[in-house]
K.L.:
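Just dropping this structure here.
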Amino acid sequence: MPHPRLRFPPSPTGYLHIGGARTALYNWLYVKKTGGTLVLRIEDTDTDRSSEESIAGIIEGLEWLGIDWDEGPYFQTDFSADHRRAADKLLQEGKAYRCFCTREELEKKREAALAAKQNVGYDGTCRHLSEDQVEGKLEAGLDSVLRFKVPERQGKIGYHDEVLGRIESSYAEIDDFVIVRSNGSPLYLLCNVVDDIRDRISHVVRGQDHMTNTIKQLLLYEALGAPVPIFAHMPLTLDTKKAKISKRSHGEIVAVQFYRDNGFLPWAFNNFLVLLGWSPGDDREIFSREELIEAFSLDRINKSASIFNYRKGDPKFFTDPKAIAINEHYLRTIPVEELAPQVREVLIDHGLWHDDYDGARHRWFLDTIELIRSRFHVLTDFATMGRAYFSDEYEIEEKPLNKNVLKHPGLKQWLPELADDYEKLSDFSVEHTEKLARVCAEQAGVKPGVIINGMRTVVTGQLAGPSMFDILVTIGQEKVVSRLKKTPQLYP
RNA sequence: GUCCCCAUCGUCUAGUCAGGUCCAGGACACCGGCCUUUCACGCCGGCAACACCGGUUCAAAUCCGGUUGGGGACGCCA
């Protein structure tokens, strides 16, 4: 295999969802590993359901993930001449035939078969129509579709799947499938094969939901006289009720965009996705881009479906806990310089950005991220839990307000007094602020924790956070003094 | 109904092809402990699985058969 050529062929009928993203990722990884080419092909032949926004959304999603492609985007509808030519050829060569069965008739038969618990496939009504009969119906102006004529052969057809091994199916089990609509437009099964042949696709990596398509497409490759590519069918991703995840039934939680909007690091999300159905064979779970490309292989893709562990209404985890765990791992461990631009974006979005964070206060900005990030899970936490570091307008959370402030009425005096002391401090350092806080506690006759935790609540609005005196120094003398002096306003 | 695929902790998974080193390893989640001004990080410890039945074998998570369960497909969608 000199130069692998793979493709990601989304249909633009909605946003990019995690199943599609994972398929794109696996294709991308294989291409990167083998030095191959990735083709992006938009399969927009379903004109009723395809939309421009959807195309934009899918491309945006791929770009956010960092999944780039080498060719395309191609649009399937731009190649309809190819598809029609292939269909004509099949008809001419007797490998396809006109079928005049109406949708109504077909639907009726289908329902009857289902009700009688009979096989539901096409019964071949039009397969043996004589030329005269076909002419007659055509002259009568009847609509017809083109069906592929599955060869009448004994035995089985099959292929080697890189994930699943040998897959086969009896010829007798395969129904004559429609390849061209009555309006003349060719359908997926055909278009997809014609395009893959033209694009010289060598490897088809797609979901297991395509397995029956693959069997039919094998026939198409043969009929069109083209070599078949290598196939690898990935396991599906199911929900906790073991239903296939879909845009329709799961909504935004399965949309890639949701993860971008909720503070995921793109690479962290890729890292989560790749583990849904693949593992390196050892205990590693966190991979850099280079490590993952190096470790990836098709034959280590799992055979069985994985579950996207999203529990609706879970108060603690807004999505799969493992996804969050991986994201927070990256959030807390990547070089702060790498994280800073992404925090910057979030702060801009929330109106918390100051330009001097790029200039005079850049060091401060980096140090602040370093100080607070170990408690955060997603980027947006910098704008919510971390708000008091970047703005004077922040909320005091109710729980710490009650527990750390209101419970100790004395703080009404102690904290402003401490603020006076802090104001006089010429060296506003961790050592000095701590010393004064402890003196303050001693004079008040309370444990240092009372002063410290009261101060934390007043200064940050939060129940928990980094070491208190690091916070003070980070937020700065002036702001700390001013915030502490306002303590009495918190009491009713 | 027919065909295809799959089956290890709650979840993601290692181990299955080349049977013994597995009374099954890791991660997440959960529970406990240490650390600590809080919370988190970190560290230490714990809970927790080979779907079932039969066969082959000295030996089965691993091989074979069956059962059950789950999923997918069966469209003039992709």
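Residue numbers start from 1 in every chain, and the chains themselves are labelled A, B, ... in the order their sequence lines are given, proteins ahead of strands.
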K.L.:
Using heavy-atom distances to pick each residue's nearest nucleotide on RNA chain B, tell me which of A:N453 and A:L164 is more 5'.
P.N.:
A:L164
K.L.:
Going by purine N1 to pyrimidine N3 plus the second Watson-Crick contact, or the G-U wobble pair, all under 3.5 Å, which nucleotide sits opposite B:rC74?
P.N.:
B:rG1
K.L.:
Tell me whether the OP1 or OP2 atom of B:rC17 has a side-chain N or O from A:R166 closer than 4.0 Å.
P.N.:
no
K.L.:
Does the side-chain ring of A:H210 sit on the six-membered ring of the B:rA78 base, less than 5.5 Å centre to centre and under 30° in tilt?
P.N.:
yes
K.L.:
Please list residues of residues 179-199 of chain A whose heavy atoms come under 4.0 Å from any atom in RNA chain B, ordered by number; otherwise none.
P.N.:
A:R181, A:S182, A:L187, A:Y188
K.L.:
Which part of the nucleic acid, if any, lies within reach of A:R41 when heavy atoms closer than 4.0 Å are counted: base, sugar-phosphate only, or nothing?
P.N.:
nothing
K.L.:
How do A:K322 and A:P10 order along RNA chain B: which one's closest nucleotide is nearer the 5' end?
P.N.:
A:K322
K.L.:
Just checking, A:R22 and A:Y26: is the charged tip under 6.0 Å from the six-membered ring centre and within 45° of the axis?
P.N.:
yes
K.L.:
Considering every strand and a 4.0 Å limit on heavy-atom distances, what is the contact class for A:E168: base, sugar-phosphate, or nothing?
P.N.:
sugar-phosphate
K.L.:
Tell me which nucleotide, if any, is Watson-Crick or G-U wobble paired with B:rA61 when both distances must be under 3.5 Å.
P.N.:
none
K.L.:
Let's see if you get this right: which residues in residues 366-390 of chain A place a heavy atom under 4.0 Å from RNA chain B?
P.N.:
A:S374, A:R375
K.L.:
Taking a pair as Watson-Crick or G-U wobble with both distances under 3.5 Å, which nucleotide is matched to B:rU68?
P.N.:
B:rA7
K.L.:
Would you jot down, in residue-number order, the residues of residues 302-318 of chain A having a non-hydrogen atom under 4.0 Å from RNA chain B?
P.N.:
A:N302, A:K303, A:S304, A:S306, A:I307, A:N309, A:K316, A:F317
K.L.:
Reckon A:R110 has a side-chain N or O less than 4.0 Å from the OP1 or OP2 of B:rG75?
P.N.:
yes
